[in-house]
Amino acid sequence: MSLQSDRWIKKMAKEEGMIEPFEEGQIKEVDGKRVVSYGLSSYGYDLRVGNKFKVFTNVYNSIVDPKNFQEDSFVDIEGDFCIIPPNSFALAMSVEYFRIPRSVLTLCIGKSTYARCGMIVNVTPFEPEWEGYVTLEISNTTPLPAKIYANEGLAQVLFYKADGICETSYKDRSGKYMKQMDITVPIT
């Protein structure tokens, strides 16, 4: 496997619709205001977080169980930002829609701007032939409330092209998170 460059990412986004919408360069300012950067970088793509969030709550004394997930474990928030309580967690969705080629696997890691504030972004790999909006997992590891800015950069996607084509893709397996169009909670 080899890490793919900005040139390859740009070609795949334009010719194959791999990333929509696609920004050809790093956007650091919008309407004269500084933003957490997003768009094409040297060896990856900085995706944006949308304006809808699901923040964990303990209002109903729920238990987090991946085999029997309760929707009342979350409070839904929509807006220009989201405050994640201390030592808490939120789900969000990317602004960009991704279509991953059969010969590609991606890794998605948090941006240093948030990491240096104690915010950890955990996203599972985008497997070959997976497509959809990305459900983003955001942890506030600090003892303080933390702010996430909607429609700004949150994580960087790195694209690895395999030397060959996989035998079975995510699409072939009818993966349960295929073509997700909203924040998707655990499905068993």
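Small disclaimer: the values here were computed from a predicted structure and weren't measured. Note that the numbering runs from 1 along the sequence shown for the chain. Reckoned from all heavy atoms, side chains included, excluding hydrogens, waters and symmetry mates.
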Side-chain heavy atoms under 4.5 angstrom apart, residues restricted to Ile, Leu, Val, Met, Phe, Trp, Tyr: same cluster for [X] and [Y]?
| X | Y | answer |
| --- | --- | --- |
| F74 | M119 | no |
| I84 | Y149 | yes |
| M93 | L47 | no |
| V157 | V123 | yes |
| Y133 | Y170 | no |

* **Heavy-atom closest pair, residues C108 and A155** =>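 Shortest heavy-atom separation between C108 and A155 comes out as SG-CB, 3.6 Å.
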
* Asked: Which heavy atom of A150 sits nearest a heavy atom of G50, and at what distance?
  ->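 Nearest heavy atoms, A150 then G50: CB-O, 3.4 Å.
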
Just to verify, what does [X] make a side-chain hydrogen bond (donor to acceptor under 3.5 Å, both in side chains) with, not counting sequence neighbours?
| X | value |
| --- | --- |
| S112 | none |
| E129 | R102, S169 |
| T124 | none |

* All pairs passing salt bridge (charged side-chain N to carboxylate O under 4.0 Å, His left out) where residues 150-163 contributes a residue, at least two apart ->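 Residue pairs passing salt bridge (charged side-chain N to carboxylate O under 4.0 Å, His left out), neighbours aside: none found.
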
* Which pairs with one or both residues in residues 31-45 pass salt bridge (charged side-chain N to carboxylate O under 4.0 Å, His left out), sequence neighbours excluded? ->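 Passing the test, one end in residues 31-45: no pairs.
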
Are any of the side-chain heavy atoms of [X] and [Y] separated by less than 4.5 Å?
| X | Y | answer |
| --- | --- | --- |
| D46 | K111 | yes |
| L154 | I148 | yes |
| I100 | E127 | no |

Please give the remaining members of the hydrophobic cluster of [X], linking ILVMFWY side chains under 4.5 Å, ordered by chain and number.
| X | value |
| --- | --- |
| Y38 | I27, V30, V35 |
| V95 | none |
| M1 | L3, Y43, L105, L107, I109, L158, Y160 |

* To do: Pick out which of E29, K28, Q26, Q156 makes a side-chain hydrogen bond (donor to acceptor under 3.5 Å, both in side chains) with S37.
  =>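 Of the listed options, the one satisfying the test is Q26.
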
* **Derivation of the salt bridge (Lys or Arg N to Asp or Glu O under 4.0 Å) call for E131 and K171** => CA-CA 9 Å; E131 75 172 81; K171 181 179 178 181; over 6 Å; no

* Who passes ring pair (Phe, Tyr, Trp, His ring centres under 6.0 Å) against Y177, sequence neighbours left out? ->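 Per chain and number, Y177 pairs via ring pair (Phe, Tyr, Trp, His ring centres under 6.0 Å) with no residue.
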
* Would you please name every residue forming a ring pair (Phe, Tyr, Trp, His ring centres under 6.0 Å) with Y114, sequence neighbours left out? =>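 Testing Y114 for ring pair (Phe, Tyr, Trp, His ring centres under 6.0 Å), a comparison that skips the adjacent residues, returns none.
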
* Gap between atom CG of N140 and atom SG of C117 - 0.5 Å precision ->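 It comes to 10.0 Å.
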
* Rounded to the nearest 0.5 Å, how far apart are CG of N151 and CG of N51? ->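 Here the interatomic distance stands at 5.5 Å.
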
* Asked: Where does the angle between the aromatic ring planes of F159 and W8 fall among parallel (under 30°), tilted (30 to 60°) and perpendicular (over 60°)?
  ->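 Rings of F159 and W8: tilted, as their planes differ by 30° to 60°.
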
* Taking atom NZ of K176 as the centre, does the number of heavy atoms from other residues, nucleotides or ligands within less than 6.0 Å exceed 12? ->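 Yes, because the 6.0 Å sphere around NZ of K176 holds more than 12 heavy atoms from other groups.
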
* Is there a side chain to side chain donor-acceptor pair (under 3.5 Å) between Q4 and S2 once you walk through the steps? -> CA-CA 6 Å; Q4 296 303 297; S2 59; 3.1 Å; yes

* Scan for side-chain hydrogen bond (donor to acceptor under 3.5 Å, both in side chains) pairs involving residues 80-94, sequence neighbours excluded, and state none if there are none. =>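 Non-adjacent pairs meeting side-chain hydrogen bond (donor to acceptor under 3.5 Å, both in side chains): zero.
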
* Asked: For F98 and F126, what are the C-alpha separation, side-chain angles and deciding distance, and is it a ring-ring contact (aromatic ring centres under 6.0 Å, His included)?
  -> CA-CA 9 Å; F98 288 84; F126 311 170; 5.3 Å; yes

* Asked: Among I77, I183, D76, which one satisfies side chain to side chain contact (heavy atoms under 4.5 Å, CB included) with K52?
  ->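 Going through I77, I183, D76 one by one, the side chain to side chain contact (heavy atoms under 4.5 Å, CB included) with K52 is satisfied by I183 alone.
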
Distance-only criterion, 3.5 Å: show the donor-acceptor pairs between side-chain atoms of residues 12-24 and protein atoms not counting sequence neighbours.
residue, atom, partner, partner atom, Å
K14, NZ, E24, OE2, 2.6
E15, OE1, K11, NZ, 3.2
E20, OE1, R99, NH1, 2.6
E20, OE1, R99, NH2, 3.2

* Asked: Passes side chain to side chain contact (heavy atoms under 4.5 Å, CB included), Q180 versus T135? Steps please.
  -> CA-CA 8 Å; Q180 58 191 15; T135 295; 3.3 Å; yes

* Going by atom types alone, do Q70 and N68 pair a side-chain donor with an acceptor below 3.5 Å? ->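 Yes.
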
